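Here the structure is a predicted model, which is why all the values come from computation and not from measurement. The sequence lines fix the lettering, A, B, ..., with proteins before strands; numbering per chain opens at 1.
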2 protein chains.
Amino acid sequence: MPSDAASQVTPVRRGRRPGTNDTRATILDAARSRFAEDGYSAATIRRIASDAGVDSALVMRFYRSKGDLFAAAMSVPPEALQRLSDAFDGPTETIGERVTRAYLTLWESDPIEFEPLLAMFRSAVNHEQAAAELREFLQARFLEGIVPRLENRPDAALRVSTVSSMLLGVVVGRRIVRVKPVVDEDLDTLVKLVSPAVQTILTAP
Amino acid sequence: MPSDAASQVTPVRRGRRPGTNDTRATILDAARSRFAEDGYSAATIRRIASDAGVDSALVMRFYRSKGDLFAAAMSVPPEALQRLSDAFDGPTETIGERVTRAYLTLWESDPIEFEPLLAMFRSAVNHEQAAAELREFLQARFLEGIVPRLENRPDAALRVSTVSSMLLGVVVGRRIVRVKPVVDEDLDTLVKLVSPAVQTILTAP
């Protein structure tokens, strides 16, 4: 099943890289190897650029930051991550609903978005190196982007990672283990059921 | 790391099988192969007994039911599952706290209990056959044992599986991906944070 989805993904993704295909692909290959070898923290833009035979400025022109480059190398679309972290902005009273919907929708829609996430998660579950990369990435990029949005909460990082873990669990139940009632339910019912729980964890005193 | 834990597990587990070691081991081997080949639903006690060269009554004497035999074959201690489903009994006002604590404690303590669960989960994430087995097992045994305890809730199965998925997610964050704040927190703080969310999902109107 994953291989079917992967074969659907490739042609579409190619359509999204206009013009400078080869250079981008070379940079992404270099980044993938470097992140795999050194891990997220130790890998540098300078070193990846050197591996790819280009200069750092060009890498930064294509990918604004090391985080975006990692996301691209792992094929997690930066827009998807952006939508997730944007869900944390807005009125506190509805943060649970926004975050739940953004997170669960991410894995429902476009296979281009969720298949790489599934692949990343699958590797992380079975390989310590991949888990370390996912962990560093989540901490450095996802958490650090979101936590400042929850002002006045000394334990914001704990709350955000607990919520992320819980929502990931719902996705695992729905998309991987596929436990019957969680799979069959439509997204709105699931969002309605889960949102108050997420609201509680993010905002309880 | 998993291999370290596994090597610690073996001698202890042997100590738990007094006397009829060989017959039990033969039955478990037969069950493991049969469940793997036919899946949980299609596999029968009769067939497993025949594969093992014993009669069905002996299999039933060692393992009370097909569910217990599967749990034993997958090395999930039946007592652990029992503690989990027992947590659903008792006053409704505190069900969230009981279920959260029972579930999270299961993966904290004895490696004999959580390592097989981790192994089962790891297989399920990467192999559709293992996912199918885990799914059938959860539906046939875990859910059917718990759902009748939540009377008057037409959507009890959805609530229980959503909660199980969410708690599994917390365990994945804590034990597998090991996102920093979720790993570092002591169990009581985590239970205190997550319980109201579980309470909400299980009991909200």
Side-chain angles (χ1 to χ4, degrees), chain A residues 1-2 96 118 120-126 128 130-139 142-143 147 155-185 189-190 192-202 204, chain B residues 1-2 96 118 120-126 128 130-139 142-143 147 155-185 189-190 192-202 204:
Chain A
M1 224 164 305
L118 272 187
M120 205 171 169
F121 176 68
R122 285 201 158 99
S123 329
V125 165
N126 282 277
E128 170 45 33
E133 279 169 32
L134 179 56
R135 174 167 65 247
E136 285 180 28
F137 171 68
L138 289 174
Q139 283 170 194
F142 184 65
L143 282 176
V147 167
D155 57 353
L158 175 63
R159 290 169 189 254
V160 173
S161 24
T162 302
V163 157
S164 311
S165 300
M166 284 169 55
L167 290 173
L168 178 66
V170 175
V171 170
V172 169
R174 190 163 166 92
R175 313 273 331 185
I176 297 181
V177 184
R178 299 204 304 282
V179 185
K180 207 162 181 322
V182 181
V183 177
D184 293 342
E185 221 42 71
T189 309
L190 210 56
K192 201 172 159 222
L193 181 65
V194 173
S195 294
V198 170
Q199 180 78 24
T200 299
I201 292 193
L202 288 177
Chain B
M1 225 164 304
L118 273 187
M120 205 171 169
F121 175 69
R122 285 200 158 100
S123 328
V125 165
N126 282 277
E128 169 47 31
E133 280 169 33
L134 179 57
R135 175 166 66 246
E136 286 182 26
F137 172 69
L138 289 174
Q139 283 170 193
F142 185 66
L143 282 177
V147 167
D155 58 351
L158 175 64
R159 288 168 190 256
V160 174
S161 22
T162 302
V163 158
S164 309
S165 299
M166 283 170 55
L167 289 173
L168 178 66
V170 175
V171 171
V172 169
R174 190 164 167 91
R175 313 273 332 183
I176 297 181
V177 184
R178 300 205 303 283
V179 185
K180 209 167 181 320
V182 181
V183 177
D184 293 343
E185 221 41 71
T189 308
L190 210 55
K192 201 171 158 223
L193 181 64
V194 173
S195 294
V198 170
Q199 180 78 25
T200 299
I201 291 193
L202 289 176

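With a 4.5 Å cut-off on non-hydrogen atoms, A/Val170 touches chain B through its backbone and its side chain both. Contact annotation for B/Leu167: neither backbone nor side-chain heavy atoms come within less than 4.5 Å of a heavy atom of chain A. For chain A, the nearby parts of B/Val177 are the backbone and the side chain; heavy atoms of each come within less than 4.5 Å. In this structure, chain A has no heavy atom under 4.5 Å from any part of B/Ser164. For B/Val194, the parts lying under 4.5 angstrom from a heavy atom of chain A are both the backbone and the side chain. Both the backbone and the side chain of B/Ala157 come within contact range of chain A, each with at least one heavy atom under 4.5 Å from a heavy atom of that chain. Looking at B/Thr200, only its side chain comes within 4.5 Å of chain A, counting heavy atoms on both sides.
Ranked by heavy-atom pairs under 4.5 Å with chain B, the first of A/Gly96, A/Ala197, A/Ala132 is A/Ala197. The residue among B/Asp184, B/Ile176, B/Leu168, B/Val198 with the most heavy atom pairs within less than 4.5 Å of chain A is B/Ile176. Ranked by heavy-atom pairs under 4.5 Å with chain A, the first of B/Ala204, B/Pro196, B/Pro181 is B/Pro181.
Looking at every heavy atom in both residues, B/Ile201 comes nearest to A/Leu193 through CG1-O, 3.7 Å. Of all heavy-atom pairs between A/Arg135 and B/Arg178, the closest is CD-O, 2.6 Å. When all heavy atoms of A/Gly173 and B/Ser165 are compared, the closest pair comes out as CA-OG, 3.6 Å. The minimum heavy-atom distance linking A/Val182 with B/Thr162 is given by the pair CG2-N, 3.8 Å.
Between B/Asp155 and A/Thr189, every side-chain heavy-atom pair lies at or beyond the 4.5 Å cut-off. Looking at heavy atoms from C-beta onward, A/Leu158 lies in side-chain contact with B/Leu190 at the 4.5 angstrom threshold. Counting only heavy atoms from C-beta outward, the side chains of A/Val179 and B/Leu134 never approach each other to under 4.5 Å.
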